[in-house]
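Keep in mind that this is a model prediction, so the values were computed, not measured. Residues take their numbers from the sequence shown, with the count starting at 1.
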Amino acid sequence: MKQSVLARPNLKLFLLGAMLVIVVQGLVGGNSPDKASGGVITRSQVASWTSDIDELLQEANAHPSSSVYTRISHYYERQRDYKKAISYLQKAERMARVEEQMP
């Protein structure tokens, strides 16, 4: 009657499984520059992003093209403003169709 109810876990398998999860997470998640700093955004980064978007919007008004609208969309995607990102991506797609039709 001395049967053990609890078995000893195989810790090597747990360690191997944890390492596998970390590797898969790294492959799927990628190495985003926004995540590289640990999510901390400095004031200088915000200021440079603000000046970048102002320049892109001025360029889009002066010389609209699909590449400018795509860059604006990527900016808003990095800022996690997905509604504006999708809006500018749709503008880029429409502009690309217009550019293809022009000789």
N/O donor-acceptor pairs under 3.5 Å from side chains in residues 81-90, not counting sequence neighbours:
none

Note to self: Which residues pass the side-chain contact (heavy atoms from CB on, under 4.5 Å) test with Val21, not counting sequence neighbours?
What the structure shows: none
Check: How long is the gap from OH on Tyr75 to CG on Leu56, to the nearest 0.5 Å?
Finding: 9.0 Å
Check: Other than Leu11, what residues sit in its cluster of Ile, Leu, Val, Met, Phe, Trp and Tyr side chains whose heavy atoms are under 4.5 Å apart, directly or through others?
Finding: Phe14
Note to self: For Thr70, give me all partners under side-chain hydrogen bond (donor to acceptor under 3.5 Å, both in side chains), at least two apart in sequence or on another chain.
What the structure shows: none
Next item on the list: Only counting residues at least two apart or in another chain, list the ones meeting side-chain contact (heavy atoms from CB on, under 4.5 Å) with Ser67.
Entry: Ser65
Next item on the list: Give every residue pair that meets the salt bridge (Lys or Arg N to Asp or Glu O under 4.0 Å) criterion with at least one member in residues 57-74, sequence neighbours excluded.
Entry: Glu59-Arg71
Notebook entry, point to check: Do you know which two heavy atoms are closest between Ile72 and Ile53, and how far apart they sit?
Noted result: CG2-CD1, 3.9 Å
Next item on the list: For a side chain to side chain contact (heavy atoms under 4.5 Å, CB included) with Ser66, tell me which candidate from Met95, Arg97, Lys91, Arg94 qualifies.
Entry: Met95
Notebook entry, point to check: Other hydrophobic cluster members with Met19, side-chain heavy atoms of Ile/Leu/Val/Met/Phe/Trp/Tyr under 4.5 Å, chained?
Noted result: Leu15
